[in-house]
Structure formats: structure tokens, C-alpha cells
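Here the structure is laid out as C-alpha cells; the discussion comes afterwards.
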Number of protein chains: 4
Amino acid sequence: MKVAIVGATGYGGVELIRLLYHHPHIDEISVFSSSQEGKSMVDNYSHFIEIVDLTLEKIDAERLKTFDAVFFSTPPGVSSEWTEKIAGETKVIDLSGDLRLKDGDVYEKWYGRESASEALLTQAVYGLSEWHEEEIKHTSILSNPGCYPTAALLGLAPLVQANAIDTNHIIIDAKSGTTGAGRSLSPITHFSEMNDNFKIYKVNEHKHTPEIEQQLMAWGEKELTITFTPHLVPMTRGIMATMYAPVQDGWTKEQIKALYEKAYAHKPFVRLRGEGAFPFTKEVYGTNYCDIGWSIDDRTNRITIVSVIDNLVKGASGQAIQNMNFMFGFEETAGLNMVPVYP
Amino acid sequence: MKVAIVGATGYGGVELIRLLYHHPHIDEISVFSSSQEGKSMVDNYSHFIEIVDLTLEKIDAERLKTFDAVFFSTPPGVSSEWTEKIAGETKVIDLSGDLRLKDGDVYEKWYGRESASEALLTQAVYGLSEWHEEEIKHTSILSNPGCYPTAALLGLAPLVQANAIDTNHIIIDAKSGTTGAGRSLSPITHFSEMNDNFKIYKVNEHKHTPEIEQQLMAWGEKELTITFTPHLVPMTRGIMATMYAPVQDGWTKEQIKALYEKAYAHKPFVRLRGEGAFPFTKEVYGTNYCDIGWSIDDRTNRITIVSVIDNLVKGASGQAIQNMNFMFGFEETAGLNMVPVYP
Amino acid sequence: MKVAIVGATGYGGVELIRLLYHHPHIDEISVFSSSQEGKSMVDNYSHFIEIVDLTLEKIDAERLKTFDAVFFSTPPGVSSEWTEKIAGETKVIDLSGDLRLKDGDVYEKWYGRESASEALLTQAVYGLSEWHEEEIKHTSILSNPGCYPTAALLGLAPLVQANAIDTNHIIIDAKSGTTGAGRSLSPITHFSEMNDNFKIYKVNEHKHTPEIEQQLMAWGEKELTITFTPHLVPMTRGIMATMYAPVQDGWTKEQIKALYEKAYAHKPFVRLRGEGAFPFTKEVYGTNYCDIGWSIDDRTNRITIVSVIDNLVKGASGQAIQNMNFMFGFEETAGLNMVPVYP
Amino acid sequence: MKVAIVGATGYGGVELIRLLYHHPHIDEISVFSSSQEGKSMVDNYSHFIEIVDLTLEKIDAERLKTFDAVFFSTPPGVSSEWTEKIAGETKVIDLSGDLRLKDGDVYEKWYGRESASEALLTQAVYGLSEWHEEEIKHTSILSNPGCYPTAALLGLAPLVQANAIDTNHIIIDAKSGTTGAGRSLSPITHFSEMNDNFKIYKVNEHKHTPEIEQQLMAWGEKELTITFTPHLVPMTRGIMATMYAPVQDGWTKEQIKALYEKAYAHKPFVRLRGEGAFPFTKEVYGTNYCDIGWSIDDRTNRITIVSVIDNLVKGASGQAIQNMNFMFGFEETAGLNMVPVYP
């Protein structure tokens, strides 16, 4: 099987290469870039030397159609443009935010730019692997979830679906390593000012807010707004989402536990820590796992849910491959069986 | 003026020495330790070489009475024991948690040990400098606030006092550098497993929870319980408290802003960033400042408040000196006029 | 094939598990510990949850003999004791320093304890994979090199063997991440005092000094002493050895380059960066690679050689598996084909 | 006394402000920038809010002449240009490299640009405070040493002056925090790729090489070339220089020790750790100290010298103020009496 990666020089693309490189069903990888045609991946990333021998090609629709799957790990607007041109001829897996929001108006409000066509938005399946397996298996246009939404939604899903929490009071306090901010240089991620520092950003303004809401509303079958706050941790990889909501009357700790266990019993990449046990971000480093713990406070009747992922793997490239596995009928875990790099 | 530091070998004690060393009204510092009598501070901390020439003495009540002020930066149970013996003969500034909770039962529930005597608890003033100046000026037993409560309370005070937020739904998501966990060795703070890692701990079980609640109830004049979650950031110093609450009906953004501005207009160590502007922890590094920003979300009608401090300064030793300044009639900022060490 | 890991709860053991877990020829792993019999690996390392289900067994000679290979990742003195009991019945791969120094007196001087028996020392092969392939293939007792010696020796080998540098003036200035210091708690590696700090230790006293000298003398066929200085970097993994020596008269840059290229042309884990190009530690993160660059200074006629490895992989467990591959006739790269985790 | 800082928005300028802010003899600070006229320091650095209220002015010779002293913390070429215009009218303290190398040809070779005029180079005093106090006191143009040279020269001075080491074999292996690379954005100091990474750069090509050589030759009274290698440590501040040289015949450990003690007996900012005791970078954090330790190896007859500084203080702004103190007849330590910020 042959795959293309468009936008291969960003961290998402680089992680796709790392993971696909040992995927049992991938025979050939090609890489594309809008600006670096003719340069090699090694020119951009010395760690690939003697391992990854790939030269960046110009993005071209006819060429892209020759692949079994095309991954887009690109800035806003790129994947929707090219997907229009190649849809139907190849399978598309889009790691950008272009196709995540089904309502074009919401997209335009939060992204500040024109949305993809309604046809494309309708066709694209939002691929939260653990919850949308069937739709993913039958689509040829896959919109891969954002990193924060993946961590948040996997932690909240069983509770919202069962109406076990009051969705009017959901708070998501999320913390990410700096790779979430990409490779573009910025004073915010300049080492001298990010090291030994903890930052908050885009309070009440982050694009992942409506993405989380859209899915929670689909599950909860009612309108809601959440409060979502992203922070930057002085570390390279990892997201922790700490989430809060009031438990609905009548729900016991045992019932909550049962909800989680039922939801994820057969999901290979979700590891439940149980009530009162909490994961740390490094415990999923370099892997596709999402680890979840929670605590219900008798004093406040509020539940605190903690969910951790590696933002570049389960939060981006790993989940994209998990989705590719579904789309092509491979085993869900193909190419993703990794032990965390710890410490 | 002569001061004693009991428990001088912990980070709180070391920071007291750093700050007192240049305090204009301190002539002499003596240091005490329960276990290291006869050793010098330099034996414990090489960075003091040729600057701080202090030898640790055995803790002795008669000796402690000879000082103008005695700082306790000690594990649970130590300061309450010794304060009983020296109260009335000298002024006590207690950085431990022994005298913070006015209700002995609450102390025993959260600390899992016997509380100080009721007499002592009654006498001790909880010294959140910006809000308790008058009581502090007239006490000889000062209980210095915890690090997390300092950050949280300074951020919430104007809103709770004015009843501008719904105190039934206060969430405090706090993040601290590792010095908050002290110098005792632990696998949690072993560099190899704390570096590039983000941790959560004591969910719904941290001792600072009732301390925050006690003060909020005093201000709000009604019962409440909060949700408080501490996290460990891979950095040395700094706390950020990200706090959430619904805004009460009728409050405008302008009114909220006015509350903050009125509250802190004449407080030299609180720096308001304003609505939509947020501080990072490193911006107060090494100083006694508490920087506060906030955002009110029209969609959710919820306010997000962000408060940062240096946990060892405003969260411990700096505030203790600020309180000492009040207790002895010095200028509030004496010895604490520092520019943040940045970057 | 069945393997045992003795001392599985240290970082070396944990990394062996991570790597062996996907080794194509390993069917079964058992773990042994002198102090934690009956506990599971997950009790020690939460990141193994749902992946590694191994219970620690008591160390027992008869039991160890039933394995095809036994890895020792143990403190000084343990592997030599047990190897005496099981030698001949199974193959031993020793990651500790017990069997590295051929001269018992030198061992006793640097390690401050009794050396292994002369019989054992004679029998054990020092397994620097790239240079001792033939001996490794024919031994059943393998002494795996230390982390610093691996980085240093791979960088110096071509030059010393060809007598291209003056071995009377070799300086090795080495820098390591903190995992090299293991999991034992120490004030040196307490996060609060290691973060944002750079440390030097055991100047002229590190045990790896005679190990490096022994091999250089074997190659250079003459007596020599080196200066070796280890440092601790505030990072988790990685070693950089920066090495200095005068170039012998008559050697040109082209000849030096040819020496390196000839030496490592067919070595899959050594990646030459060439003259004037230098690797960073993270570029080999999580892998068995050793990357080497160098610069010859016309002004001083001195060569600077830079060699980087991941101390837990090529510097310990990865090289141990590379050696196992040789000992059992597997492909050299079996189980070790990994792309660096970057960033 | 009134001072100007030209190039105030870089880290050197910001650190000058931090230190001068509490200097007992400074009444007024003005700041200048070539590109940010009219912006305030707070626009550039939020941590200055409510403390430092300074607006950047356009650089103007007539205006600069009105100050008692002008600090230049500027890129190559700027200070030499402006110093030509204001020399004689005010005192200049230049933190850039423009005036450090006395030989214009050497400057042009290493800096790749035209040197300052010979008149200016002749007039400027190279101000290594501990060694050039007399010249500094009588100059009005002070060239402040580079960060690496400061650490290296203070460690080597007593040995080279006494001819106690063989200057043909001096190796300086230096490690710096990232602030040494300034505030300009670069992939090298992007947090995601600098964190958990150790880097080497400009091997045999760093501009500080001839600066160190120039001073060593002045002391040793003979030609020499050194090998100097800079590295980047994933930390914010601090330099450690690890230095190597053969001890000349006949020198005992006691004599070496005596050399150091004599040299620095009355130098308030040099703290000798003695033989076999070594400083860590964080032990001088935020201060003007230079801590020095050393070890003489009987096996190799080589000395290893370790010198640490805070690159922004003793390596730049602190030493500049120490020199200003000399130039204006103030106490050497005025404004520089600080306890290290530790941990």
C-alpha cells in the first residue's frame, strides 16, 4: 500500500513518518510540501539520516490520486482545497481542522476564514476512533480530531452519553507540551522564555472549543457550551485534560465506574486507571494510548476526570493511522503496538 | 532587629534567608533545626558559600524568646508545639499549616493529626497580607497562608466579597513548580521521571482545600465547598491558579473590572493584567508579586480568573516578610522590592 | 526463545522490556528481583499497565538456567555472583560493570570492592558490538559496555587503531542525561535542584575511566591514561561525548574521513555526520544509533570528535540486545529498527 | 547619576535594568533602541509591569552625551559606530564584541566584518574586573568581556600567569544556558527541539576563541592557540567551563592551591571551592559570582578546572556594572550584593 503525506515537514508529518515507517501494510511513503519541493526530509530533520530517504515533491492533484491514501498535515485551508480535487480517487485522512466542524458558520466564526464546501463537510467523517468505528470504516474522507478534543472527548464520552453529568457546567482545563504549537518559531515557545515557565493562552478563544461541543451535543442530544482553557507546559509532548462536572442525581460511584468499563472494555488504546488513580503524561509518551482516571467528590458531588495522551500520537498522527487501519480493514492496532518510552 | 528561623534547611527557610539577608531592618539572623544542630547552612546549600555564615542551633524555647520575631518553616506539628512555649515573649510567624484552620475538627480531618489548642487557633491571625492588614498589625501570632490559597484567594477575593460569582460552582485548577513539594526526596520529584512530565496529585484531598474554603466563607458569609486540584509542572518555581465560576446575573464586564481595580488599587504586590490579558508564572519569578488576569465568556457567562505567584516568595517566605513588615510597623515593601529574574 | 531479566526494576531493565517486547525472536520474558519478589512490573511502572504483565520472581540459579539467555541489569557484585552459578547452562549478558575490567586489581581500585574471579573475567567478552562481533558470536558470557565508554570508544576507535592521534593527550568531556544515574533517589537528581542546573561529578574518579583506557590500550597497543569528565545535563536521556586529541603528523582531513568511513561502512547503528557536522543528543532518542561528527582545527592541529547515543539504548539495553542478536545468530538489527522519537 | 542603555530590548539590556534598578547610585535610566522607538519596555517584557516604566527612545548622539554613562548591549557594529560619536563626552561601557579584540585583522577574520577604528581599539580597556581594576578605573571606554571568556579566564588566570600549566594544550569545553543565544528566534532554541536535548555548535569557530587567546597571551607572554568548544544546555541561565591542561613539572597541589588563593583573596565575586570540590551552575543563579573548583590527576598530571557563572550577570550585565563601579569610584559590589536564587 502506498501513502502520501502532504505537509510532511511539520511535527504531525514527521510523526506520521515515524509511525508509518514500521507499519506492516505500508510499502511506500511519499512526501509533499508547498514550499520545499526538491529538499529532502533529512535537510529538515537530521534525525532521519540513513533511515528516512524521502524527497519532498510539489503538491499535485494527479500525483496524489495515485496513492491509496493521502494524509494532510497542513495549515488551515490547504486540505479542503486539495481534497475537493482528489476526492473519490483516493482516500483522504485530514489531520488539519478544515473538515471537523460540520457547521460552516461555526467554522468561520472560530477559524476566521471561509469554511470548506458544505458537500465536503457533509461527506467527511469525524474520526474519533473509539466511538466512530463504523462510520470510519465506510468513509473515504476522514477528518482526524484535534489533540485537545481527543483527550477531552474520550474522558467525557461515557458520562455524557449516559447523561450522568450536568452538561451545563463542564469545565475542561487542558495542559499541553509545546509540540502542540508546531514548528513555527514564536516568542511564546522560545526556549529561554518557555523553560521553567507555565503559560496560558487563547482563554475562551481556542478553535477546539466548538469541536468538543459539537461532539458532546451529538452524544448528549441537547445544546451546551463548555469552558475550555489551554495551557502550555514546559515539556515537549503530552496533554493532560483535567475536567470537571456535577454528577447528576442518583448516580453512584459504582455506576460511573461501570460506564467507563463498559465503554472501553474492548478498546485497545484506552487504559482505565479507575477511580482515585491518575495517569501522568509521560506514561503514554510516544504511544497511541489514552489513559483515564477520575474522582467523585462526596463533598461537592462533582466528578474530576483526568485524561492524558501524547499529543503527536493519539492526538494527531497515531489516531490518523488507527483510522487508516479501520478504513482499509487492517487490524486496529497495526503499526501502533508500542511500549511507552519511559522514563 | 533579630530574627530566628526554625526549620531553616527546607526551601522555605532558605528563601527566608535570601530575602531577609538584604532587609533594611534586620540586623541578625539565627537558624534552628531539629536534626542538624552544629552543621552550617553552607553544608546544606553550597550556594551560600562566602555569603551566609550561619550555624544551625538546637531548638530551645528560652533561646527563641530572645528574638524579636521567630519564623517557623517546619513540618506539621512543630510550630504549634513551640509556639505554645514562646507565645507572649516574642512574635511568631508560622509558615506551616498548623494554625491556619480555625476549626480543630476540620484540621484533624484534612491533616490526619491532632490540631493545635483552641487558644492558639483563636489567637493566631491568618495573614493574607492584602486583606488582613489591620489584624496582622495587631497580632503577635501570625499564620502565614499556604501557597495555593494565596494564589487562589487573591484572584477570587473581589468577586466573592461582592457576591459577583456563584460560589456553589467554584473550580480551582492549580499548577505548581516542584519546590512546592519541598526538599524531601520522592520518586514523584525524581528528575528522570518529573522532567518532560506533567502530574496531578491529591485530587479532592489536598489540605489547602479547607483553607481556601474557610476564607471564602468568611468573605461570602455563607457555606460553600470548592473543587481544588493541584498539579505538578516540570519547573522549579511558580504557581498558576486557573479558576472558574459562573458570573451572577446582572454583573457587567465593566463592573467586574472595577471590583478588581478598587480592591487592589493600593496594593503594591498585586499587579492586575486586566480582562483578556494573562500572566505567565515566570513573570513573577523570585518576587513577591501576584499577577492577575481574567476573561468573562459571553457564551457561558462564566469567568475564568488566572493568578500567578512565585510559590516560595508570595506563596511562602515573601508574604511572611510582608506580614512581618506589618507586625513591626515597617513599610510593607521593605526588603521585597525586587525585579523578577527574567528570563 | 525465552529470556530472563535480573534486576528488572531499574531503568536498564525497564528499557530491556520495552525493546524485547517487540523483538521478533523473543517468545517469553521473565523478570527477577532481589527485593520485590511477588510484585508486578506495573506496581513499579504504571506506564506498563495493560501492556506488560510480568510478576517479579526471586532470583534462583536453577530457574535461571532454564532460559536461553539471562540479562543482568544489577548493582555491583550481583551478576558476578550469579554468573558463577549458571555459567555453561545458559548465556549471560551482563549490563553491570562486574565483568568489564580484565584486571581484577584495576577493578578493585576503581570499584572499591572485590572483583569477579579471574576465570570469569577471562571468559567474559567485552561486547562493543561494532568492534567485537566475532568474539561476541562465540561467547556465552557477554559483558556489555558502559554508557560513557560506548559513546567514547565508537568515536575514538578508527583514530586510535590507525594511530592517527596522539593518545597521550586524549580528553573526554562527557555529558549525560539523568537516567544514567538510575532510579535511586538522591539530592543530586532531585528535580528542584537538577532542573535549570548543569552539574559535574566524579572528576578524575569515574569507574568508566579504566574501561575506556583498557580498550584504547588494546587498540593502540601501548600504555595510556586519559582524562575523562562526566557531567549531568537537565534532560532525561542522551549522552554527548566531546573528545579532544592532537592529530599525528602527516594525517590529512581526507585520510581521517576515510578512516571513519571505512570503519563504519557496514555498521547499521553508526551514522557518520562527517567533518564539521555535529549531532545533538535528541537525534538518537529512543534508538540504538550512535551518531558521530568531528572537526580538525588547522590552528591547533587538534581534532574534536563528537559522539552521541541514547544512554539507555546504545549505552545499555539496546547494545545488549544487539549483542544478543550476535550470540544467537539473529540479524544484528532484529528488534532494534526504530526511528528516533523526535521531537 | 544618569545612565543610558542602548539595545535595551535584548536579554543583556533587560538584565542591566534589573540590576541597575536597585543600584544605590543610579538615579535615572533611559533606554534606546534602533527599531522600537516609542514602545515601552513593558510592551516587550510583561514582567516589568508596574515596576519599570521606560519608553524606548531613538538612538541619538547628542542625547547620549547627556548621560554619565552609556551601556551598549547591541549587535556587532553598533557600539563602535556610536562610540566614535560620543567618546570623550560620556563614559561608554560596551557589552558587545566590537572593542574586545585589539587586532583589527583578528576581529575581521572571526567576526567576518570590518573592525572598529584602531584609535578606538587602542583606547578601549578590556574589563575583566578581577584583573584589570586599575586600567578600568582610568578609562572612559570600557569593553566588557564575553560570557565564555569571563568564565574561562577567571579559571585559568592564576595558572597561566604563574606558568603553572602547559599553554600548548589548553582545552576549554564550555556549556551555556540558552539565554546566551539571545532573544532572536531560531530553530536551535525552539523549545520543542531544545528541551531534553544537548547541543554543540560553532566547533573551532566561535568568536570568543581569539578573545580568550588574546588575554592568555598577554598573561603568559607567549603565543598560544586554544581549543574552545561551546555547547547549549537545556536551561535558561548559567555557564560551566570545564578546562584541561597539563601541569608543568614541579608544581605541587599545594602550590596550585596557593596560586588560586592568592589571586582571589580579596575578590568579592570569586568564590573558590578548592581542590576536588566543584560548583554547579545554579549555585550562582542571578548573581555576579564566579565559582571555581579544580582537580589535579596524579595519573595524567593534568589539571581540570571548573568555573561557573550566570552568563547574563557576571557574563554580561553584572560585570558591566562592576566595571561601572570601578569607573565611577563606587564600591565594587554596589548594586551587586545578591544571594543566588536557589533552588
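Model, not experiment: these values are computed from the prediction. Below, read A as the first sequence line, B as the second, and so on, with proteins coming before strands; counting in each chain starts at 1.
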*Nearest 0.5 Å please: distance from the OG1 atom of Thr178(C) over to the CZ atom of Phe191(B).*
5.0 Å

*For residues Glu193(C) and Tyr11(B), is any side-chain donor paired with an opposing acceptor at under 3.5 Å?*
yes

*Between Thr236(C) and Asn195(B), a side-chain donor and acceptor under 3.5 Å*: yes

_Less than 3.5 Å apart, any donor N or O on the side chain of Thr179(B) or Ser192(C) sitting next to an acceptor on the other?_
no

*Just give me the residue among Gly177(B), Ser186(B), Ala181(B) that pairs up with chain C most often, heavy atom to heavy atom, under 4.5 Å.*
Ser186(B)

*Region of Arg183(B) in contact with chain C, defined by heavy-atom distances below 4.5 Å*: both

